[in-house]
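Computed over heavy atoms, backbone and side chain alike; hydrogens, waters and symmetry mates excluded. Quick note on labels: first sequence line is chain A, next is B, and so on, each numbered from 1. Quantities reported herein were computed from a predicted structural model and do not represent experimental measurements.
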Number of protein chains: 2
Amino acid sequence: MSKTTTEVGWREARREAARAKLLATAWEMVRENGLGALTLRQLATSAGVTTPTVYAYFDSKNAIFDAMFGEAAEAFAETRADLPDSGSAFDNLVADVRRWVEFCTSDVARYQLLFQRPIPGFEPSAESYEPAVRALDFTREYLARNGVSGPRNVDLWTAVTTGLVDQQISNDPGGDRWTRLIEDVVRMLLAHTSDQPPE
Amino acid sequence: MSKTTTEVGWREARREAARAKLLATAWEMVRENGLGALTLRQLATSAGVTTPTVYAYFDSKNAIFDAMFGEAAEAFAETRADLPDSGSAFDNLVADVRRWVEFCTSDVARYQLLFQRPIPGFEPSAESYEPAVRALDFTREYLARNGVSGPRNVDLWTAVTTGLVDQQISNDPGGDRWTRLIEDVVRMLLAHTSDQPPE
DNA sequence: GTCTATAGCTGGATAGAC
DNA sequence: GTCTATCCAGCTATAGAC
């Protein structure tokens, strides 16, 4: 009578839910106090369990970071999935940059985990990293589709858009001092990197 | 017979030398293993003393970071002191950006300490911070002298040049994948931010 | 000023009962 | 799976002898 498939599924669902709660709590903590502030004691307490229980779901602290990295990379890939395809390269690229900047500035801890590696001793696993690679490939392709191709031009775009994010986060968190420059920046970049001059 | 001025001066010099050695050792350590890897035990050992001796020269670990911040800010200010003043705005601005990028990429730990604040609980003192403010004011003035003025344009320059540094450090440390874009970037920025169109 | 010795704390991770 | 209890390592910082 025991071990029906439904019962097994239910147990697995319970386990997944508990694991998900730990991850959600971890995200709250790093958003609040930075990536360095994540400790297993506090994580356990905040999630309503004890430290050893955390080890029932994750092999180590870095395994938690790896799971978080995977979620972040997946979320990043999703922002690239449905970029617009209007007739205007300018409109398309503005949307692209806007979404990138929004993704980064809306969750600084996630941005740092994904792109700045500030945790000594942590390297994401290949599985967790894969969505990030996919997203970057898609970005390259999207740029090309909108008239910006060649490694040099792509590097220029990544540098400039990263700079916007970096300054916005460092010097005007929560504001729009740099995000409001997006249209200007896209115009400038397009004029200098487009395969064909703008119409 | 004791306490002549020369003797006092000699003792102070000894003290300063010991302090300077600790700071130099601290810089070596953070350059080697990152800002987070600086511990007082290792610092003491590497400098050939014991932990309590460090406290004879610095009140706390953050006092060490503050002294390092001061040195970094002073070094940054010095890179702004003798920027060229040729007839060409383009040449001047290329020199400016080159020096900025060189300053940042040649010592990543110093760059992070100055501009990214990755040490929880550490805020530089006003004295240590002052040279950095001076340097940024000078940069603003230098941009204006070369035909780039207005807060919006200055923000655009800082964002783009920061982006170059950021990408160079994160994705091609020791290389020149982004630094070689400097001339291109300055041309692009000048075309879009100059008060007067280039001759 | 420099040492030995240590306090006091916090971290990740584990043993073993239930 | 979850708990209590604990180990062990590393850290900043200090007390007190010399």
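Considering only side-chain N and O atoms, A/T53 lies nowhere under 4.0 angstrom from the phosphate OP1 or OP2 of D/dG1.
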Give the intermediate values and the outcome of side chain to side chain contact (heavy atoms under 4.5 Å, CB included) for residues A/L190 and A/V148. CA-CA 8 Å; A/L190 255 187; A/V148 178; 4.2 Å; yes
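Each of A/A56 and A/P52 has a nearest nucleotide on DNA chain D; the 5'-most of these lies closest to A/A56. Residue A/G48 is the one, among A/G48 and A/R41, whose nearest nucleotide of DNA chain D lies closer to the 5' end (criterion: closest heavy atom).
In this structure, the CZ atom of A/F122 is 17 Å from the C1' atom of C/dG12, given to the nearest Å. Rounded to an integer number of Å, the gap from CG of A/L38 to C1' of C/dG12 is 12 Å. We find that CG of A/L35 is positioned 16 Å from P of C/dG11, with the value rounded to whole Å. Across the protein-nucleic acid pair, A/R11 atom CZ and D/dT2 atom P stand 12 Å apart, rounded to whole Å. Here the P atom of nucleotide C/dT2 and the CZ atom of B/R19 are 14 Å apart, to the nearest Å. Rounded to whole Å, atom C1' of D/dT12 lies 15 Å from atom CD1 of B/I119. The distance between atom CD1 of A/I64 and atom C1' of C/dA13, rounded to the nearest whole Å, is 12 Å. Here C/dG11 presents its P atom at 9 Å from CG of A/L40, a figure rounded to the nearest Å.
Taking only side-chain atoms of B/R15, from C-beta outward, the nucleotide of C/dG1, D/dC3, D/dG1 with the closest atom is C/dG1. Closest contact between the side chain of B/T51 and the listed nucleotides C/dG1, D/dA13, D/dC3 involves D/dA13. Considering only the side chain of B/Y57, C/dT2 comes nearest among C/dT2, D/dC3, D/dG1. When the nucleotides D/dA13, C/dG11, D/dC3 are ranked by their closest atom to the side chain of B/K61, D/dA13 comes out on top.
At the heavy-atom level, A/T50 lies under 4.0 Å from base atoms of the strands shown. Nucleic acid contact class of A/F58 (heavy atoms, under 4.0 Å, all strands): none.
Looking at B/R134 and B/E130, a side-chain N of the basic residue comes within less than 4.0 Å of a carboxylate O on the acidic one, giving a salt bridge. A/E12 and A/R19 are not joined by a salt bridge, as no carboxylate oxygen comes within less than 4.0 angstrom of a charged side-chain nitrogen.
Test B/Y129, B/F138, B/F115 against B/F76 for ring pair (Phe, Tyr, Trp, His ring centres under 6.0 Å) and you get one pass: B/F115.
For A/W100 and A/Y142, the ring centers are positioned 6.0 Å apart or more.
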